[in-house]
Every structure is written in C-alpha cells, then in structure tokens.
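All residue numbers in this chain count up from 1 along the given sequence. The shown structure was predicted, so the numbers you read here are calculated from the model rather than taken from an experiment. All values below come from the heavy atoms of this structure, side chains included, with hydrogens, waters and symmetry mates left out.
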Amino acid sequence: MNKTREVTIKKVTREEDAPPDVSHLTPGERMELAWSLTVTAWAFMGEDVNERRLPRHVVRIQRRGR
C-alpha cells in the first residue's frame, strides 16, 4: 500500500526571515527576552527551572582585632 501525503512549501525571502529588530528595547526588556529563552532551554533539557541556582545566604567573616 503506497501512502502519499501532501506537503505545503512556503518560499521566504531573507527580509521576511530576518530576526526581529530589538534596538528600540531597553536593556531590561532585552534581558527579559534572554531570560525567557534561557528558561525555555533549561526546561527543554529536562532541568528544574524553579530551582535556585545561586546561594542566597550571606556570610560575614569577622576577624579578631588587629
């Protein structure tokens, strides 16, 4: 039995496939975009994205008087 399937092909020019212009965004907005991509990538790899990666405790070393 020979099954055929229909495939749709769309020709795209370079201008249509260009990355979006982010020059108008603030550095904070750009960081938000990068962070969302990072979280998506970690989730794709199966990592727990809700886990804190950096230690949040504060340590102070106090030496004897000199």
Side-chain angles (χ1 to χ4, degrees):
M1 217 175 194
N2 189 5
K3 292 185 180 182
T4 60
R5 60 183 168 160
E6 192 173 313
V7 178
T8 304
I9 298 173
K10 179 182 176 187
K11 184 175 179 179
V12 180
T13 64
R14 281 187 156 193
E15 291 79 25
E16 293 174 332
D17 196 33
D21 179 25
V22 294
S23 62
H24 65 282
L25 298 177
T26 66
E29 292 170 330
R30 292 179 190 185
M31 185 62 88
E32 286 179 25
L33 288 174
W35 180 248
S36 66
L37 289 173
T38 303
V39 169
T40 303
W42 279 104
F44 182 73
M45 293 188 318
E47 297 289 330
D48 182 15
V49 293
N50 295 323
E51 178 181 322
R52 289 185 174 187
R53 297 236 177 259
L54 299 173
R56 300 293 182 199
H57 59 279
V58 178
V59 176
R60 181 177 176 192
I61 299 175
Q62 188 171 13
R63 301 178 186 257
R64 288 185 242 171
R66 290 186 175 188

- Message: Once rounded to the nearest 0.5 Å, what's the spacing between atom OG1 of T26 and atom CD of E32?
- Response: 7.5 Å
- Here the pair of heavy atoms bringing S36 nearest to T40 is O-OG1, 2.8 Å
- Item | same_hphob_cluster(L33, F44) at 4.5 Å side-chain heavy-atom cutoff | no
- Message: If hydrophobic clusters are built by linking Ile, Leu, Val, Met, Phe, Trp and Tyr wherever their side-chain heavy atoms come under 4.5 Å apart, do L37 and W42 end up in the same one?
- Response: no
